[in-house]
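Following: one structure in structure tokens, then a few remarks.
Letters A, B, ... mirror the listed sequences (proteins, then strands); counts begin at 1. Note that the structure is predicted; figures quoted are calculated from it, not measured.
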Amino acid sequence: MTIDWISLPLVGMPLISSIVLLAYVAYVSPAAREKIGPTVRMATLVLSLLMLVLTTAMFFGDNFIEGTLDWASLSFGKFNYEFQYDWIESLGIHWSVGMDALSFPMVWLTTFLLPITIVATWHEKNAAVYFPLILMMGGALIGVFVALDLFMFYVFWELTLIPMFFLILKWGGYDRKYASQKFFIYTFTASVIMLLGLVTVYFLQPENLAHAGTWTGRTFDIPTLTAHAQSANAGGEWFLGVGLQKVLFVMLMIGFLVKLPSVPFHTWLPDAHVQAPTGGSMLLAGVMLKMGAYGMFRLPLALFPHAAEHFQFWLLALGMVSLVWGAVVCLGQTNLKKMVAYSSVSHMGVILIGIATMQPLGWAAALFMMFAHGIISPMLFAVCGAFKHHYHSMEIGAMRGMAKHSPWLATSMMFGWMASLGLPLLAGFVAELMMFLALWHFIAAEGWSVLWMVGPAFVLAITAAYYLWSMQRTIFEGGEATQPPASLNGQPVPDITDAEKWAMVIMAAFTILFGVMPWIALDMMNGWTVAFFETLLIPILTGGA
Amino acid sequence: MEKIEPFGEGFVLALAPEFVLVIGLFTLMIVPNLGDAKFRIPMTQVRIPWFLGGKRGKLDSDPRLPGLFATAFFSLAFVLTAMSFVNGMNRIQIVSGDNVMLQVDEFSRMFELIFFGALALASAASVNRIPATSRNDRSASGLYNNRRQVDFYVLLITSGLGMAVVALAQDLFLLFIGLELASFSTYVLVAFLKESKEGTEAGMKYFIVGSVASGVGLYGLSLLYLWSGSLQFSELATAFAENGMESLPLIALGMLLVGFGFKVSAAPFHFAAPDAYAGATAPVAGVLATASKAMGVLGLLRVLLVVASPEATDGAAVWLVALAVLSVVTMTWGNLAALGSTNPKRMLAYSSVAHAGYMMAAIAAIGALNWETDHVDLSNDAALVVVTALIFHLTVLVCFKLGAFLVLSLLESEKGGHTLESLGGLAKRDPFLAVAMFIFMMSLAGVPPLSGFVSKLLVIMGIVKVALLDVTVNSDLSLADLHWVWYLALAMVINSAISVFYYLRVGLVMYFHEPEEGREGPLPAGGPVRLAILACLVTTVFFGVGAGQLIALAESAANALVGAW
């Protein structure tokens with residue numbers, strides 16, 4: 001059966017419907033805008049739930065859709081639901097979509113987070129504009145993950161900036177102007193450098209007879225490009241030569257490292273997160289950061305494995321520094337959301353370390369970390385958002401004895417914090433454990449000093465410290481003599497709303513699900529990693545072609 | 001190629017769009033003056049109706065009439081030009097004896113599309129912009145105000161005619177006549193807003209700097225004539241191919257560059273541009289930034305690539321290498337200056353300088369290629385890519401740059417638009433305008449999927465293609481193997497990152513700041529302007545998402561130029 005289940009249902013529909021909704025909202029009067037808010041919200045929720053149903057069905061490889069699909073045993077360079085249309089023919093640009101086990105978990109995660117985000121921020125002001133923007137964000141994010149064409153990839157990569165820019169600017173905190181600007185400029189700058197690298201790679205591929213009719217005789221098709229690089233990278237031969245491959249690798253990595261973000265390019269993240277509204281933060285931390293890691297796997301690592309191996313030490317160092325620095329900075333935070341944001345930097349360091357080990361286990365750890373962090377960090381931000389929503393403050397000491405007044409929020413917070421610090425049986429633990437094993441393997445294989453393990457181990461303690469410390473000060477401290485935040489002006493302390501409860505419960509349930517049964521997602525990630533190593537990396541890096 | 005003598009068979013048909021403009025010129029002069037005047041035959045008492053002058057009728061004294069007429073004529077010329085593409089271009093040369101004067105081909109027609117499109121939008125936006133008085137006002141100043149409407153559009157049409165001549169010219173002298181016709185019209189247009197001190201001052205500055213630049217260019221032209229004895233492009237090209245390394249033609253070429261450099265507002269000849277843009281009304285500034293700039297680029301292409309295209313020699317490209325340095329200076333200067341400007345029109349002027357730098361970088365890339373003799377066989381291919389990119393860029397520039405000026409034009413009609421803060425709260429006051437302006441800014445910055453991104457991508461692709469032409473892909477490459485023009489692309493990329501700062505600032509002000517005091521209410525209606533903005537908006541998005549058609553069109557135009565080498 002050949003129905004394109006990606007282009008229109010997963011990418012086109014959210015983008016088009018959000019634009020239509022926004023145009024309609026702009027058309028009606030401001031008074032009516034308030035009135036149609038709930039309807040718009042419900043419409044976006046329904047649409048996003050439909051997307052979730054579709055991607056879930058795709059996971060099970062339902063017969064109703066495409067016959068039984070096995071994500072885990074997809075060989076490298078092959079894609080499910082692959083479709084291609086001509087877009088700008090003269091340049092060899094296609095609208096080309098498809099998913100493999102690298103992109104599918106990210107797509108599912110996006111569709112999972114969309115309804116959760118909508119529910120968790122159910123009472124956001126100016127709903128008629130806010131919810132379509134969230135939906136648009138989702139469409140753009142999915143576009144990044146399903147794109148199999150460099151041009152299309154870049155288009156969606158940049159397109160994600162625009163809804164996020166407006167989400168921060170219109171619904172953000174006090175310093176939102178600065179934060180949105182910094183966010184936009186930082187990532188845009190990195191992306192244009194990446195773009196030049198992409199164009200250079202594009203012209204360095206040999207003229208392809210299959211594209212003889214096009215203007216340049218070349219194609220933006222990612223699988224073709226990867227296959228070509230694969231054959232050129234044989235053994236000790238470097239695709240495009242030693243010098244150039246290194247330069248291009250760095251150019252591409254700049255784009256992805258800023259997005260990830262890794263120290264020293266991370267400074268936009270805390271600002272953006274602290275100022276962004278809850279929904280924006282949830283999508284930003286949940287999916288948008290993963291675009292960086294996803295891009296690394298898709299492009300530089302696949303195209304330039306030699307350079308990746310060459311820069312292995314630097315990647316590892318960046319990962320270590322991100323991991324440790326993020327955690328240490330967390331210790332000093334008094335702002336709840338800023339602490340969570342820096343903990344994201346720290347966790348992204350885990351992904352980078354996993355990649356840098358250049359081992360299947362490390363890569364699978366990175367992939368699973370992308371996924372697990374994509375469920376846990378939105379929960380953290382949802383907790384922060386609820387905290388802010390009800391107590392009008394983000395300071396850690398502002399509210400004490402929360403366990404007594406708002407048990408739901410206290411429980412959610414405790415659960416999220418525990419998941420994030422890597423409690424066993426929760427999703428984050430699996431990824432961290434795998435990363436440790438991979439790093440240990442790597443160090444043993446390379447004969448490096450065992451001192452390399454000190455940093456990550458140290459971070460475990462720091463992470464536990466800052467999380468427990470913040471919990472102690474907000475949830476438990478005070479005992480009977482609780483101290484409601486001054487911003488409540490003596491009114492009774494409320495608990496979170498039902499919508500927020502639902503969102504928390506669902507996210508917590510999935511955190512447990514993927515913690516207890518990680519193989520649901522890990523199997524396909526593992527399959528992808530193994531395929532990648534067997535077809536691409538091992539023949540190249542071991543020297544035998 | 002068909003050859004036609006002036007006013008020979010098929011002459012009018014070949015130049016139909018231009019004749020439409022000539023007819024429009026006379027219509028504009030006559031129609032608003034029609035009245036009930038009678039002419040008394042001398043020595044008798046017989047009065048016969050004369051129509052010219054006297055008390056004007058209700059319809060033809062309407063101050064909006066000239067604007068609508070001009071829009072209609074520009075649109076008609078645009079449509080006629082576009083129609084010549086439909087069934088394959090019929091290439092025609094207008095000759096006088098052995099000399100080719102004008103040539104109608106895809107390249108010249110494409111540029112005419114740019115000119116006429118921009119002018120049509122600008123004239124639509126100018127309806128109701130110049131102070132007009134109620135038509136019942138019979139006082140001298142009232143009448144004078146209404147007559148001024150005609151002058152404005154007459155000047156627009158003459159500048160359109162001048163631009164058309166530049167596009168068609170096959171003779172350097174003719175090209176210069178067209179350039180001057182267009183320039184002089186724009187000098188007056190810039191100064192047209194005599195109510196404001198800035199307008200007059202801007203016109204004066206623009207005129208003085210412009211005429212100095214033209215004078216230098218004209219001097220270079222005369223030197224060229226002295227050297228080769230002809231100003232025909234074909235003969236100049238032959239002469240250059242034989243001994244283009246002589247010092248006389250090189251000096252002459254440098255002087256010509258000054259003339260065109262002023263038109264494209266390249267550093268260091270750009271100083272008058274920000275003042276001119278800020279002083280002129282926004283639609284006129286938009287014309288300067290799009291059509292007038294396209295005219296300058298056209299001149300650069302003709303002179304540097306057709307005339308001095310050093311296919312056989314490797315010396316005459318020395319100016320193209322100079323252009324490379326100049327392009328980096330221009331784009332950086334433009335962007336840094338734009339960062340510090342608080343007047344949106346000045347900011348757009350500096351962004352226009354930066355865009356000139358990008359285009360010059362692309363032209364320089366072709367020249368740099370020709371600089372080395374062993375690339376000659378490949379140069380046509382790469383030049384085609386670069387010229388296509390340039391034409392595409394100039395075309396879509398009309399959509400978003402002019403569009404941005406038109407948004408400012410609406411603000412100007414409530415005495416705003418001179419400070420960034422006057423854009424404050426636009427999102428609340430008029431969501432359509434704010435969205436349009438934001439999209440224009442994003443397109444200028446080069447954010448996908450808008451047309452500005454595709455044009456920037458094409459220019460970068462053109463430069464990179466040139467840089468990689470002689471690179472044979474092997475496993476021994478390093479950065480040093482790439483041609484140095486690759487660094488032009490790098491400079492462009494870094495510059496476009498800088499430019500995001502000021503483009504984004506406009507969005508921030510519109511969506512974040514509160515309206516200025518006294519500006520809370522809705523904006524003036526201005527139907528024609530809004531229609532023009534909508535047209536710009538739709539094309540900005542369309543040429544980004546569906547760029548294929550326009551690229552094909554631009555490629556056919558580029559082929560007409562490059563193929564003629």
Chain B contact via A:M152 - which portion, at a heavy-atom distance below 4.5 Å: neither
Whether A:Y202 and A:F220 hold their rings parallel, tilted or perpendicular, with breakpoints at 30° and 60°: parallel
Distance in Å, A:S191 OG paired with A:I254 CD1, rounded so as to fall on 0.5 Å steps: 11.0 Å
Within the 6.0 Å centroid threshold, strictly below: B:F453 and A:Y154: yes
Contact origin within A:V247 toward chain B - heavy atom pairs under 4.5 Å: side chain
Interface moiety of A:F166 toward chain B, non-hydrogen atoms closer than 4.5 Å: side chain
Under 4.5 Å from any heavy atom of chain A - which part of B:F438: side chain
Side chain / backbone / both / neither for A:F151 at chain B, heavy atoms under 4.5 Å: side chain
Donor-acceptor contact below 3.5 Å, side chain B:W486 vs main chain B:L468: no
Heavy-atom pairs under 4.5 Å with chain B, option from A:K170, A:K246, A:R176, A:Q245 with the top count: A:R176
Residue part contacting chain A, namely of B:L450, when any heavy atom lies under 4.5 Å: neither
Top of B:V435, B:V500, B:L504 for chain A proximity - count of heavy-atom pairs under 4.5 angstrom: B:L504
Sub-6.0 Å ring centroid separation between A:F239 and A:H228: yes
Choice from B:V545, B:L508, B:L490, B:V447 maximising heavy atom contacts with chain A below 4.5 Å: B:L508
Proximity breakdown for A:L195 and chain B, heavy-atom pairs closer than 4.5 Å: side chain
Top contributor to chain B contacts, counting heavy-atom pairs under 4.5 Å, from A:I185, A:L248, A:T189: A:I185
B:M442 versus chain A, the contacting section by heavy-atom distance below 4.5 Å: side chain
Any donor-acceptor N or O pair under 3.5 Å, side chains B:S455, B:Y358: no
B:N335 side chain vs B:M331 backbone, donor-acceptor pair below 3.5 Å: yes
Ring-ring centroid check A:F183 A:F165, cutoff 6.0 Å: no
Heavy-atom contact with chain A under 4.5 Å, split by part of B:A547: both
Pair A:Y186-A:T267, side-chain donor/acceptor within less than 3.5 Å: yes
Choice from B:I463, B:I494, B:I460 maximising heavy atom contacts with chain A below 4.5 Å: B:I460
A:K177 portion near chain B, given a 4.5 angstrom heavy-atom threshold: both
Contacting region of A:I162 [heavy-atom separation from chain B under 4.5 Å]: side chain
Check: A:R33 side chain, A:V25 main-chain N or O, donor-acceptor pair, under 3.5 Å: yes
